[in-house]
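Only one structure is covered here, and it is reproduced in the block below.
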There are 2 protein chains.
Amino acid sequence: MLDRFFNPSGIAVVGASDSPEKIGGKILRMLQRHGFSGGLYPVNPSRPSVGGLPAYASIDALPDPVDLALVAVPAPQVPEVLSDCATRGIPGAVVFSSGFSETGEDGRRLQQQIAEICASTGIRVSGPNAEGFYTVPTQVAATFSPGINIDALPPSDVQNCLGMVSQSGGLGFSLYSRGRRRNLAFSHIVSVGNQVDLECVDFLNYLLDQPQVKCVLMYVESLRDPQAFLRSAERAARMGKPIVMAKVGRSSAGQRAAQSHTGAIAGSVRVSDAVLDHYGVLRADDQEDMLDLATALAHQPTMRGNRVAIISTSGGSGVWLSDACEAHGFVVPPIDPERQQLLRIFIPSYGSTDNPVDITAQGADGYAQSLKVLGDADYIDAFIIAASFAHETRLNSEGEDIARAAKALGKPVLFYSYSLPSDGALNRLQELGLQCYTTITGCIRGLSALRRYELMRRDIPMRFAEPAAASKPELLDDLLETGGATLCEYEAKALLGAYGVEVPPQHLARSPSEAASVAGQLGFPVVLKIQSPDIPHKTEADGVRLGLESVAAVEEAFTSLISAAQSYAPDADVRGVLVQPMAERGVEMIAGTLQDRDFGPMVMVGMGGIYAEILDDVAIAPAPVSEATASRMIAQLKGLPILDGARGRDACDLDALARLLVALGRIAVDTRGEIQELDVNPVFLHPRGQGVTIVDALGVRRAG
Amino acid sequence: MLDRFFNPSGIAVVGASDSPEKIGGKILRMLQRHGFSGGLYPVNPSRPSVGGLPAYASIDALPDPVDLALVAVPAPQVPEVLSDCATRGIPGAVVFSSGFSETGEDGRRLQQQIAEICASTGIRVSGPNAEGFYTVPTQVAATFSPGINIDALPPSDVQNCLGMVSQSGGLGFSLYSRGRRRNLAFSHIVSVGNQVDLECVDFLNYLLDQPQVKCVLMYVESLRDPQAFLRSAERAARMGKPIVMAKVGRSSAGQRAAQSHTGAIAGSVRVSDAVLDHYGVLRADDQEDMLDLATALAHQPTMRGNRVAIISTSGGSGVWLSDACEAHGFVVPPIDPERQQLLRIFIPSYGSTDNPVDITAQGADGYAQSLKVLGDADYIDAFIIAASFAHETRLNSEGEDIARAAKALGKPVLFYSYSLPSDGALNRLQELGLQCYTTITGCIRGLSALRRYELMRRDIPMRFAEPAAASKPELLDDLLETGGATLCEYEAKALLGAYGVEVPPQHLARSPSEAASVAGQLGFPVVLKIQSPDIPHKTEADGVRLGLESVAAVEEAFTSLISAAQSYAPDADVRGVLVQPMAERGVEMIAGTLQDRDFGPMVMVGMGGIYAEILDDVAIAPAPVSEATASRMIAQLKGLPILDGARGRDACDLDALARLLVALGRIAVDTRGEIQELDVNPVFLHPRGQGVTIVDALGVRRAG
């Protein structure tokens with residue numbers, strides 16, 4: 001359906017105007033200026049012609065069928081216009097008008113009317129409050145954005161296009177004009193507005209299906225259907241088409257503003273970051289950052305390792321780039337003596353034949369020759385060509401050779417100009433089909449994106465592996481049927497046990513003598529803990545007794561726990577007292593499930609105790625998780641050196657921890673509608689082969 | 001002296017040529033093109049005229065006195081030319097020629113000859129291997145760099161100039177042309193080359209003395225005289241003239257390259273970072289980063305707090321800027337209801353009167369009006385104006401109002417364009433005397449620099465406070481006179497004691513019975529440790545016995561320690577066995593002194609044990625340190641939450657730790673020539689009021 005939307009044979013402009021100040025005037029002029037070749041039909045009840053074309057009083061009066069209506073009438077008139085469009089059989093529309101959910105209650109009602117028209121008639125609507133779209137290859141400029149007005153170089157390489165989907169029209173189209181300045185070709189730029197019907201994911205899917213689109217850029221304040229987005233992101237990852245996303249509205253002020261701006265509320269930042277990482281979505285911090293990533297991702301081959309050779313005419317740039325490479329985990333290896341000899345033939349004595357190679361300002365033809373000498377070195381995975389393109393001289397003299405040598409390598413070759421390129425140099429780069437970075441930071445970001453994307457791609461089979469199907473344990477339904485705002489410890493542990501997690505022996509005692517008898521069977525010392533769904537935080541209620549060594553101590557502890565609970569929460573539903581053996585100490589960690597409003601069930605793991613405070617060290621992944629994913633989560637923790645047996649310490653049983661996370665993943669999925677969070681806190685890790693001890697656990701029921 | 005250097009009344013160009021390919025040709029043309037108004041004297045023995053000017057066969061043949069010689073002859077001829085210049089009374093020269101210390105041994109010898117000529121004649125020489133300088137206000141273009149050839153807008157605000165000192169000519173002059181594009185005015189750009197005589201610090205000092213210079217940019221691979229630099233940095237800090245520095249050559253490949261590039265070896269990265277921070281030098285990661293900082297620092301008033309108001313025409317930009325502000329520690333506070341009402345008068349319903357303020361694309365004159373409404377709000381410390389300058393329309397219509405309102409505030413007002421500015425807009429900004437960021441990241445970097453610089457300035461009295469003078473304890477000389485590659489534990493602790501640090505009682509026993517008798521006096525349990533300058537790492541030699549409870553155990557331990565030492569290192573100079581009480585446990589930390597080759601004596605402190613591994617958590621400052629500086633070092637540690645009594649834990653005795661650092665600072669200064677490192681590892685921190693326990697200490701003598 002979006003084929004006709006983006007390449008309509010006829011367009012009606014509803015609210016068309018001769019005034020260049022009005023949106024309906026700007027859109028018509030933009031379409032005309034870009035030479036739209038299909039039928040163009042201004043709709044305006046009060047004028048016989050607009051923009052030199054015959055105007056029509058209504059949709060009904062249109063003489064020919066059209067594929068797309070561009071609607072720029074006052075908000076209250078929009079529903080009727082769309083109804084007319086649907087009646088007339090127009091399959092798609094873009095609503096530019098503002099005054100909908102971004103303005104308050106009245107606007108929200110109006111937007112709801114549009115949603116109902118879409119649902120009942122099947123018309124597909126983009127917007128409202130949108131800036132439209134621009135189909136670059138066919139020059140359909142269905143937008144009023146001044147951003148595409150910029151004089152920009154024509155694209156040189158339309159086989160490696162970027163697509164752009166943006167919740168902000170201003171940012172989407174300005175990204176386009178910024179990208180054009182970098183000799184980046186675009187396929188489509190879409191401003192989605194309030195997403196009443198067609199939304200980001202619809203456009204993402206369409207762009208992924210376009211063969212010329214190599215990389216999709218997205219500016220997103222909130223995802224309307226996060227699960228649908230994840231399905232598309234997985235598809236993109238499998239296709240090898242990177243998604244570069246600016247996910248904004250992360251700050252409190254940003255969320256406040258996003259809400260007033262597009263009526264959207266952003267989800268949990270931490271979960272969103274983890275999920276996007278998991279799905280291989282590359283995130284960016286500003287527009288130039290997005291383009292830094294896209295420049296490399298759309299135009300460079302796979303980067304197989306992390307070793308970089310730098311070839312410069314400026315010693316300082318070589319040094320600076322080396323620093324930046326190493327600071328970001330790349331290696332700048334020395335050049336072997338044989339190749340250094342070959343380089344010395346054309347590099348003067350005050351230049352450097354070692355990496356970073358300095359061919360010096362006098363080293364004519366040095367770039368292409370260096371690429372030829374170094375190109376097949378098996379210890380180099382990518383090249384950076386650092387030059388000054390303040391003039392086009394060098395590009396004129398050896399540009400063809402450089403471009404040919406670079407493209408023949410099958411390895412990434414990134415260009416960096418330490419001076420701002422002249423217009424002449426930009427033209428020449430465009431003729432040669434080359435892109436050029438103008439900041440060191442940007443160039444390194446590009447390299448890093450290539451590397452991260454390649455590592456993600458290799459990991460796809462594990463990353464998206466479906467864990468083996470397993471049936472829900474019967475206990476789950478039983479637990480969920482009992483009341484209470486929380487699953488208290490004995491219930492949460494029973495749940496874990498039902499999913500195959502080894503939990504310490506536990507018994508819920510209802511009397512002092514029962515507690516004492518259980519303690520006798522378990523063996524002293526034991527621990528007693530009050531159990532009530534109304535007392536989630538037991539220590540606050542003085543609800544724990546540790547290290548009880550005798551029958552008398554246990555009986556006394558039972559009595560004092562019950563009376564402490566009664567004075568803490570007189571109406572609490574006290575289920576009894578849990579009797580357990582004392583846990584053997586281990587490295588303290590936390591694990592659990594959570595349900596994200598946007599992204600659904602999640603598993604988390606982190607360092608516990610003091611480490612949690614100073615490291616703020618948590619890994620999150622969407623549930624279910626495979627054992628491989630669970631292990632990767634653990635490996636992400638900053639506290640890993642405490643766990644992995646470095647420096648003569650015992651290695652912890654990380655396999656057992658991974659198995660716990662797999663079980664938590666199944667629980668997260670199975671309890672999706674019922675349990676908001678299941679916290680295992682703490683869990684003690686023992687040395688390898690000795691498992692983990694679940695010390696405490698708590699389930700929080702979903703409200704309502 | 002540098003006044004005549006930068007503004008010479010006459011210049012000799014030695015090696016002047018008519019060839020535009022030769023450096024001597026380029027320099028002459030550059031001077032002529034920029035309309036150098038003084039006497040210009042080409043020196044060339046084989047031609048009667050060069051560049052349309054009469055040429056002279058030698059320095060000797062010059063008809064008039066000149067202030068500056070620009071030397072571009074082959075390297076071997078340079079010393080003679082400089083001697084001739086000195087003889088002729090020319091006070092200064094720039095040597096452009098390459099082929100000196102950057103090329104190897106022969107070149108180093110040649111450079112040494114220049115150094116000797118400078119020393120014996122008093123001529124001041126910049127270079128060799130330099131790209132010269134450009135004095136912008138008087139248009140003296142004594143350089144062959146094509147970087148200043150760029151068509152750039154003329155400066156609008158020559159009262160707020162930047163100065164640039166660069167060890168890379170290419171980067172220095174390209175920074176200039178990048179800066180011009182941002183409407184930044186420059187005073188001087190200097191390429192220092194190999195710094196045989198005049199070096200970075202000489203030029204820095206000159207620039208600091210120019211009233212129009214508000215901020216100095218430096219590209220540095222290595223500081224020739226680090227101590228002199230620190231004196232200048234302190235002066236700059238006291239003057240309120242920020243230094244923005246790119247300190248490169250940090251990586252292994254970068255150091256390799258810096259050495260071949262300018263013959264310079266970079267110092268320790270970690271120490272250099274700490275020292276530059278301490279002196280308020282702002283560091284930058286690439287050229288645009290340098291300019292992001294300089295844009296704000298040279299043109300904005302003091303930022304008194306961290307609260308930012310954002311005023312945009314693009315909702316998306318407002319959201320994105322809010323995220324970036326909060327991610328970097330700024331607060332984006334809500335606007336009070338009264339002011340929101342005043343904003344609503346001109347902001348349409350779909351815009352936002354809360355912060356980030358969205359005046360919408362339709363909100364004409366909204367920027368200036370918003371600044372007027374919000375300018376005096378005492379909960380806002382700075383403003384960001386986010387606009388689209390893809391066209392100059394808005395700047396033409398309300399530019400004057402905006403500029404006037406912004407300049408009247410006395411608070412920073414930063415401009416950010418979410419689209420790339422058009423040439424027309426850049427011209428208009430220049431007329432208005434405004435600078436504009438084109439990336440969010442850059443804008444936030446500018447704000448952060450303002451904030452950090454202001455905090456540094458407030459801290460100056462403490463930061464540069466001289467600790468009270470104190471005489472060296474006599475023990476120091478005694479200790480330094482005894483031989484050995486290390487000061488072993490009992491010596492190092494004695495040294496600490498001599499500086500007033502409380503150390504545990506210790507006694508060096510020479511026999512089992514002496515050890516037993518000492519243990520009896522101290523009280524059991526005790527610890528015994530082997531003491532030998534040849535066994536710095538005692539545990540490797542099985543040289544420690546802990547928790548000895550009886551006379552018999554002590555005697556046996558003594559004997560076994562001596563025999564273990566003999567088998568570990570038969571020739572070791574064993575001084576005896578140290579007997580001490582067992583230390584009471586505390587939070588494990590490390591502290592010490594070190595001597596940096598460049599920056600001299602340093603004090604360090606860090607978390608110990610496992611925290612050291614996972615946090616890599618060390619603070620370093622130049623010695624001596626005041627107690628205030630010592631406390632700031634401790635406060636920088638990531639592990640601070642473990643120490644400061646957060647969450648109900650005991651607060652550690654951080655005052656005692658700070659006093660230890662002050663003592664270490666004195667030791668570092670006093671032992672500068674003698675002791676490379678003094679490690680106190682571990683030191684146990686006890687609860688507040690209970691001090692610290694020096695558990696072990698070791699001094700490493702300076703080699704040679």
Side-chain angles (χ1 to χ4, degrees), chain A residues 98-99 102-103 146-147 150 167-168 170-171 174 177-178 181 219 221 248-254 256-258 260-261 285-289 314-320 322-323 326-327 332 349-350 352 354-356 358 388 390-391 418-420 439-441 610 613-614 638-639 641-642 647, chain B residues 98-99 102-103 146-147 150 167-168 170-171 174 177-178 181 219 221 248-254 256-258 260-261 285-289 314-320 322-323 326-327 332 349-350 352 354-356 358 388 390-391 418-420 439-441 610 613-614 638-639 641-642 647:
Chain A
S98 297
E102 78 280 9
T103 55
I150 305 272
Q167 246 176 296
S168 158
L171 292 176
S174 74
S177 65
R178 285 170 183 260
R181 178 91 193 159
Y219 169 90
E221 293 176 3
V248 304
R250 305 163 67 85
S251 58
S252 55
R256 216 162 58 211
S260 71
H261 171 223
D285 284 338
D286 68 19
Q287 294 183 88
E288 294 298 328
D289 191 6
S314 148
S317 294
V319 176
W320 211 344
S322 297
D323 284 7
E326 289 193 22
V332 182
S349 66
Y350 54 94
S352 166
D354 202 354
N355 194 10
D358 179 3
S388 171
H391 302 273
Y418 63 84
S419 49
L420 288 181
T439 66
I440 285 177
T441 314
I610 180 73
E613 269 174 66
I614 54 171
K638 295 174 212 147
I642 302 169
R647 304 226 187 169
Chain B
S98 297
E102 77 281 9
T103 55
I150 304 274
Q167 246 178 298
S168 158
L171 292 175
S174 75
S177 65
R178 285 170 184 260
R181 179 91 192 158
Y219 169 90
E221 293 175 3
V248 303
R250 306 164 67 86
S251 57
S252 55
R256 215 160 59 208
S260 70
H261 172 223
D285 283 338
D286 68 20
Q287 295 183 88
E288 293 298 327
D289 191 5
S314 148
S317 294
V319 176
W320 211 343
S322 298
D323 283 8
E326 289 193 23
V332 182
S349 65
Y350 54 94
S352 167
D354 202 354
N355 193 9
D358 180 4
S388 171
H391 302 273
Y418 62 84
S419 49
L420 288 181
T439 66
I440 285 176
T441 314
I610 180 74
E613 270 175 66
I614 56 172
K638 296 175 210 146
I642 302 168
R647 302 222 188 176

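Source: prediction; values computed, not measured. Chain letters run A, B, ... following the sequence lines, proteins first and then strands; every chain starts at 1.
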Is the shortest heavy-atom distance from the side chain of A:Ser98 to the side chain of A:Thr103 under 4.5 Å?
-> no
Would you say A:Trp320's side chain and B:Gly249's backbone share a donor-acceptor pair under 3.5 angstrom?
-> no
Among B:Asp285, B:Asp286, B:Asp289, which residue meets the side chain to side chain donor-acceptor pair (under 3.5 Å) test with A:Thr441?
-> B:Asp286
Does the side chain of A:Thr439 reach to within under 4.5 Å of the side chain of B:Gln287, using non-hydrogen atoms?
-> no
A:Arg178, A:Glu288, A:Lys638: which one forms the most heavy-atom pairs within less than 4.5 Å of chain B?
-> A:Arg178
Okay, A:Ser388 and chain B: the region with an atom under 4.5 Å from a heavy atom over there is neither
Closest approach of A:Ser314 to B:Leu171 (non-hydrogen atoms, all atoms of both residues) | OG-CG, 4.3 Å
Between chain A and each of B:Gly99, B:Ser252, B:Gly318, count heavy-atom pairs under 4.5 Å; write down the option with the most.
-> B:Ser252
Top residue by heavy-atom pair count (under 4.5 Å) with chain A, among B:Asp323, B:Ile440, B:Val332, B:Asn355?
-> B:Asp323
Applying a strict 4.5 Å limit to non-hydrogen atoms, the region of B:Asp354 in contact with chain A is side chain
